[in-house]
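Notes for the one structure printed next.
As the structure is a computational prediction, the values presented were derived from the model and not from experiment.
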Amino acid sequence: MRKHDLKYKKEYIRPMMISQHVYVFTFGKNELNNRVIIRYSHTWTGRLKINEIDLRLHRQHHPRKFKTEAELVSYLERHLESNILKYADEPANYQDLEQVAEKRAEEKEVEKEKSEQG
């Protein structure tokens with residue numbers, strides 16, 4: 001977030017009637033108009049278990065739901081430029097995002113080749 005000059009705010013919502021805990025994470029370039037809602041609980045060993053991650057970017061009508069953080073991060077990397085940064089006042093440096101996307105595409109191709117050979 002700091003890398004792209006995005007402001008953010010984190011809030012914890014204390015559960016009253018349910019066993020799930022909720023964090024609301026709002027972020028944006030000029031206004032905090034994007035949000036991530038993370039619903040989690042604790043396992044019997046005390047570890048955190050993420051039950052659901054809801055993401056609603058600016059100008060999206062329906063929230064996107066993810067099971068893991070990895071799915072959320074990959075989605076944000078693909079949509080960060082188009083949904084958040086294009087509404088910014090000043091242009092941003094997109095080369096870092098492009099490089100990360102290219103590396104991930106190459107890694108996926110290598111994994112496909114290995115699975116086809118093996």
Exercise for the section: Report the distance from atom CD1 of Ile37 to atom CZ of Phe25, rounding to the nearest 0.5 Å. Expected result: 13.0 Å
Exercise for the section: Would you kindly confirm whether Tyr8 and Val73 end up in one hydrophobic cluster when ILVMFWY residues are joined by side chain heavy atoms under 4.5 Å apart? Expected result: no
Completion exercise
So CD1 of Ile50 and CG of Leu72: to nearest 0.5 Å the spacing works out to 9.0 Å
Exercise for the section: To the nearest 0.5 Å, tell me how far Lys114 NZ sits from Glu111 CD. Expected result: 7.5 Å
Practice task
State whether the side chain of Arg35 and the backbone N or O of Asn33 hold a donor-acceptor pair below 3.5 Å, judged by distance alone.
Solution key: no
Completion exercise
Distance col, row Lys65:NZ vs Leu55:CG, nearest 0.5 angstrom, shows 12.0 Å
Problem - Plane angle bin for His42 and Tyr40 - parallel if under 30°, tilted between 30 and 60°, otherwise perpendicular - result: perpendicular
Completion exercise
d(Leu48 CG, His21 NE2) to nearest 0.5 Å is 8.5 Å
Practice task
Starting from the C-alpha separation in whole Å, work towards a yes-or-no answer on salt bridge (charged side-chain N to carboxylate O under 4.0 Å, His left out) for Arg39 and Asp54.
Solution key: CA-CA 8 Å; Arg39 291 180 182 87; Asp54 293 341; 2.6 Å; yes
Practice task
Verify the neighbour count for atom CD of Glu69: are there more than 12 heavy atoms of other residues, nucleotides or ligands below 6.0 Å?
Solution key: no
Problem - Verdict with reasoning, Val36 to Ile53, per side-chain contact (heavy atoms from CB on, under 4.5 Å) - result: CA-CA 7 Å; Val36 175; Ile53 301 172; 3.7 Å; yes
